[in-house]
Protein chains: 2
Amino acid sequence: MNQTAGTTRIQRRNTAAITEAALEVFSANGFRGATVDQIAKAAGLSKPNLLYYFPSKEAIHQHLLATLMDTWLDPLREMDPEGDPMEEILAYIRRKLEASRDFPRESRLFANEIVQGAPHILPTLEGELKDLVDEKAKVLSRWMEEGRIQRVHPYHLIFSIWSLTQHYADFDVQVRAVLGSGDTDPFPEAEEYVITLFTRMLALKP
Amino acid sequence: MNQTAGTTRIQRRNTAAITEAALEVFSANGFRGATVDQIAKAAGLSKPNLLYYFPSKEAIHQHLLATLMDTWLDPLREMDPEGDPMEEILAYIRRKLEASRDFPRESRLFANEIVQGAPHILPTLEGELKDLVDEKAKVLSRWMEEGRIQRVHPYHLIFSIWSLTQHYADFDVQVRAVLGSGDTDPFPEAEEYVITLFTRMLALKP
DNA sequence: CGTGACTTTGACCGTTTGGTCAAATGCGAC
DNA sequence: GTCGCATTTGACCAAACGGTCAAAGTCACG
């Protein structure tokens, strides 16, 4: 694998194909459930060829998690401490719901990882993630103290946003099985419901 | 394996040890991540001995899922159509939260299964689960029509209860990583938060 | 067109995995 | 105690797995 600054056209094409294929396979089967052959086939490469670009199955997985972590946290980062509290929170919820709709594989990749005890990314959870949540929880607390939204536990508020939004990606099969008529998109109703829920919880009673 | 009515003492002891061990191993590693040797060791048996009681790894998994499905649905079954709406819903939430606290492995077993597309229990989701939810959604709808709780989408109301309560079992590692101080039990605060959330969403404005 | 670096591959290896089997051992009823 | 059945085990197997390697093929560039 090329170590120098130069990245060739083929390198870019193949690493892209590998990460795409790995996302597909890891998110559907978990780390141990995925095989290198599966990923290679999905990427249109032979197994040794794939291992020419990544040193190991573990390395592909780590690379995916690291790359996607930012994508996953950005919606929260964008919550503006200077904006209108209710608008900021609802906009955050909408962004997370969009992410669940548009990137369900990414969501399931993390779900798989965390359900099984986060063996590969526990340090990131305790570091980067905790720091970001600590910061945003302070903002939420300030908004509550200023009387601009109702007072609730700020950390659990964030947990509940994660939980409700990611549910529609991670448990998509269950949602569709229960709703029946697998064709119809559950997201519009989900958005209306979740927005209503947080509005009623956080809005001040006039 | 004994096919007749008689079940020996040893059979009961060993099948119990196997299901307990399998729950531990499957919930922590997923189906493909778990090995028969691991389960056998955890059950205090040799691998061939374990396979004397269950014909295959798949069979143990199926048996676990089937056995646990009822445990998992019972809290919802108990919701009384004749009771007070708000009390019934809040009691259901408390039961689900208790289940997440007391049976996190069961929750993670289902989470693993569903995140990966429910390959082993999709029929059950579309049958037994859907039927139960359909029935209870009707009850919720009636309560709303009678003006005893606020009007929201009944199916998404149930989804949100599942999502919020099971989050504390399935994503326990993340919750603890973000809250820091891994010793303290997050459940009391979680219960207060979740109960507040649903109370504010569903209570009628006086 | 030639050359050196980049890319691809088939054959291969050691390990792990789910599962089998015949033989050995243990147990309980008579 | 002994007989029949239940239980347990070590040895074993074929397939699947992650990964290696030397050799062959291909690309870009002077």
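What you see below is based on every heavy atom in this structure, not just the backbone, and it leaves out hydrogens, waters and symmetry mates. On a predicted model such as this, the values are computed, not experimentally measured, just so you know. By convention in this document, chain letters (A, B, ...) are assigned in the order of the sequence lines, proteins followed by strands, and residues within each chain are numbered from 1.
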Please determine if a side-chain N or O atom of B/Y52 lies less than 4.0 Å away from the OP1 or OP2 oxygen of D/dT8. no
For A/H61 and D/dG18, give me the distance from atom NE2 to atom P, rounded to whole Å. 13 Å
Please check: side-chain N/O of A/Q150 versus main-chain N/O of A/A203, any donor-acceptor pairing under 3.5 Å? yes
Under 4.0 Å between a side-chain N/O of A/N49 and OP1 or OP2 of C/dG10, yes or no? no
In terms of relative ring orientation, are A/F110 and A/W72 parallel, tilted or perpendicular, with 30° and 60° separating the classes? parallel
Using atom CZ of B/R13 as one end and atom P of D/dA6 as the other, report the distance to the nearest whole Å. 16 Å
Would you mind telling me which of D/dG19, C/dT9, D/dT8 lies closest to the side-chain atoms of A/V36? D/dG19
Would you mind classifying the nucleic acid contact of B/A34 as base, sugar-phosphate or nothing, using non-hydrogen atoms under 4.0 angstrom? sugar-phosphate
Ring centers of B/Y193, A/H153 separated by less than 6.0 Å: no
State whether A/T8 places a side-chain N or O below 4.0 Å from either non-bridging phosphate oxygen (OP1 or OP2) of C/dC6. no
Between C1' on C/dT8 and CD1 on A/I18, what's the gap in Å once rounded to a whole number? 12 Å
Can you tell whether the side chains of B/D172 and B/R176 come within less than 4.0 Å, N to carboxylate O? yes
By nearest atom, which of the nucleotides C/dG18, D/dA11, D/dG19 is closest to the B/K47 side chain? C/dG18
When you match B/I10 and B/F31 each to their closest nucleotide on DNA chain C, which lands nearer the 5' end? B/F31
What is the distance from CG of A/L50 to P of C/dT9, rounded to the nearest Å? 11 Å
From NZ of B/K57 over to C1' of C/dG19, roughly how many Å is that when rounded to an integer? 12 Å
Does D/dT9 have its OP1 or OP2 closer than 4.0 Å to a side-chain nitrogen or oxygen of B/S46? yes
More than 12 non-hydrogen atoms from neighbouring residues, nucleotides or ligands closer than 6.0 Å to CD on B/E192, yes or no? no
When you match A/L51 and A/Q38 each to their closest nucleotide on DNA chain D, which lands nearer the 5' end? A/Q38
When the nearest nucleotide of DNA chain D is assigned to A/P55 and to A/T35 on a heavy-atom basis, which residue is associated with the more 5' position? A/T35
Residue-phosphate contact under 4.0 Å: B/R32 side-chain N/O, C/dT17 OP1/OP2: no
Phosphate oxygens OP1/OP2 of C/dT7: is one of them under 4.0 Å from a side-chain N or O of A/Q11? yes
Does A/K57 make a cation-pi contact with A/F31, if we ask for NZ or CZ under 6.0 Å from the ring centre and within 45° of the axis? yes
Round to a whole Å and report the spacing from CD of A/E58 to C1' of D/dG18. 12 Å
Atom CG of B/D37 and atom C1' of D/dC17 are separated, to the nearest Å, by 16 Å
Of the listed nucleotides C/dT8, D/dT9, D/dT8, the one nearest the side chain of B/Y53: D/dT8
Rounded off to whole Å, could you give me the CZ-to-C1' distance for the B/R12 and C/dC27 pair? 15 Å
